[in-house]
Protein chains: 2
Amino acid sequence: MLINELSKRTGLSAHTIRFYEKSGLIEGKQNETVKSNNYYHYDEVTVEKLEFIHDAKSVGFTIKEIGLMIDAWYNQKYSKAQKLEILDEKLISLDQKLKEIKEMKKQILHFKGDVLNDRC
Amino acid sequence: MLINELSKRTGLSAHTIRFYEKSGLIEGKQNETVKSNNYYHYDEVTVEKLEFIHDAKSVGFTIKEIGLMIDAWYNQKYSKAQKLEILDEKLISLDQKLKEIKEMKKQILHFKGDVLNDRC
DNA sequence: TACAACATTAGAGCATAGTCTATGGTTGAC
DNA sequence: GTCAACCATAGACTATGCTCTAATGTTGTA
């Protein structure tokens, strides 16, 4: 599919998709046999990746971190051990985030208690 | 205390503290009786606020959102009902974050499974 | 009184993550 | 063949959240 369809499928703007491509998160392929244009073609895996990017961004991962995770899964860039190390590191940071969010909930619930009882 | 001590107490640089002050998150007081300088003095509540700011930032809240929460707790700017609304909204967004992080954990565990079983 | 260690303000600079504009070429339905 | 709807690239612009520099003034100890 071309970028417009990819944009519709993922809900991301073509600009944003190109930004992710420049950042090395995804990669389209140009058709070598067609010489009249230089359009990029994207596959289903790219749709998957963009969905993953969207979700990973919303939990606070940076472009760099997301790139690393994508490489750990879709690429042959790293050894099996390296891939597992990258993914385990991210799992640890997610557990840390879970802990921090639960703490923050407690803190806000405490604020709420103070408001409810006119202590502030 | 002066900004240097506040910096040491909180682990935040004086620059960052001044940035938060300009952003309206905290407020120091100048001593009106001393006319030879314009040094700002900070109290224990400011230490508390900066600790809260640090924690709130690490769970992904923006400066604007943090300002709103601080106002909902330390200020008389909003009515009781408004304060509760602000805090409840943040609690909901934290629950959303919890959900998203758990989903992301599942996704990464799935990646790990694929790596372990040489499926990628 | 010298001087290190502090304080202030204004504003420049930087990284991240987009977002938009300009320019120019291509495709496909009519 | 025309024209709307697409495509590509380069680069400018924006928002957020710092981070640093410069210039200048104050404090307190030796």
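Reckoned from all heavy atoms, side chains included, excluding hydrogens, waters and symmetry mates. All of these numbers come straight from a predicted model, not from anything done at the bench. Each chain gets a letter, A, B and so on, in the order the sequences are listed, and its residues count up from 1.
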Output every pair passing ring pair (Phe, Tyr, Trp, His ring centres under 6.0 Å) with a member in residues 1-31 of chain B, not counting sequence neighbours, ordered by first then second residue.
none
For residues 77-112 of chain B, pull every pair meeting ring pair (Phe, Tyr, Trp, His ring centres under 6.0 Å), keeping only residues two or more places apart or in separate chains.
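Listed by first then second residue: A/Phe52-B/Phe111, A/Trp73-B/Phe111.
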Please report the interatomic distance CD1(B/Ile17) to CG(B/Leu25), rounded to the nearest 0.5 Å.
12.0 Å
Length of the line joining A/Asn31:CG and C/dT27:P, which is rounded to integer Å:
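The answer, rounded to whole Å, is 11 Å.
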Quick one: A/His41 NE2 to D/dC6 P, roughly how many Å, whole number?
16 Å
Counting only heavy atoms and a strict 4.0 angstrom limit, can you tell me which residues of residues 4-30 of chain A come near DNA chain C?
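Only A/His15, A/Thr16, A/Phe19, A/Tyr20 qualify.
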Mind running a 4.0 Å heavy-atom check of residues 56-68 of chain B against DNA chain C and sending the residues that fall below it, in number order?
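By residue number: none to list.
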With a 4.0 Å cutoff (strictly under), does any side-chain N or O of A/Tyr40 reach OP1 or OP2 of D/dC6?
no
Under the side-chain contact (heavy atoms from CB on, under 4.5 Å) rule, collect the residues that match up with A/Lys77, sequence neighbours excluded.
A/Asp71, A/Asn75
Report the residues that fulfil side-chain contact (heavy atoms from CB on, under 4.5 Å) with B/Asp55, sequence neighbours left out, ordered by chain and then residue number.
A/Met104
Tell me every residue that passes side-chain hydrogen bond (donor to acceptor under 3.5 Å, both in side chains) with A/Thr10, counting only those two or more places apart in sequence or in another chain.
none
Determine which pairs satisfy salt bridge (Lys or Arg N to Asp or Glu O under 4.0 Å) with at least one residue from residues 36-51 of chain A, sequence neighbours left out, and list them in order.
A/Arg9-A/Glu44
Determine which pairs satisfy salt bridge (Lys or Arg N to Asp or Glu O under 4.0 Å) with at least one residue from residues 106-116 of chain B, sequence neighbours left out, and list them in order.
A/Asp88-B/Lys112, B/Glu103-B/Lys106, B/Asp114-B/Arg119
Collect all protein-nucleotide pairs involving nucleotides 26-30 of chain D in which both atoms are nitrogen or oxygen and the distance is under 3.5 Å.
| from | atom 1 | to | atom 2 | distance (Å) |
| --- | --- | --- | --- | --- |
| D/dT26 | OP1 | B/Ser36 | O | 3.2 |
| D/dT26 | O4' | B/Tyr39 | OH | 3.4 |
| D/dT27 | OP1 | B/Ser36 | OG | 2.6 |
| D/dT27 | OP1 | B/Asn37 | ND2 | 2.9 |
| D/dT27 | OP2 | B/Ser36 | OG | 3.3 |

Under a single-linkage rule joining Ile, Leu, Val, Met, Phe, Trp and Tyr whose side-chain heavy atoms are separated by less than 4.5 Å, which residues share a cluster with B/Tyr39?
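Via sub-4.5 Å side-chain contacts, B/Tyr39 links to B/Leu2.
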Sequence neighbours left out, what passes salt bridge (Lys or Arg N to Asp or Glu O under 4.0 Å) with B/Lys97? Give chain and number order.
none
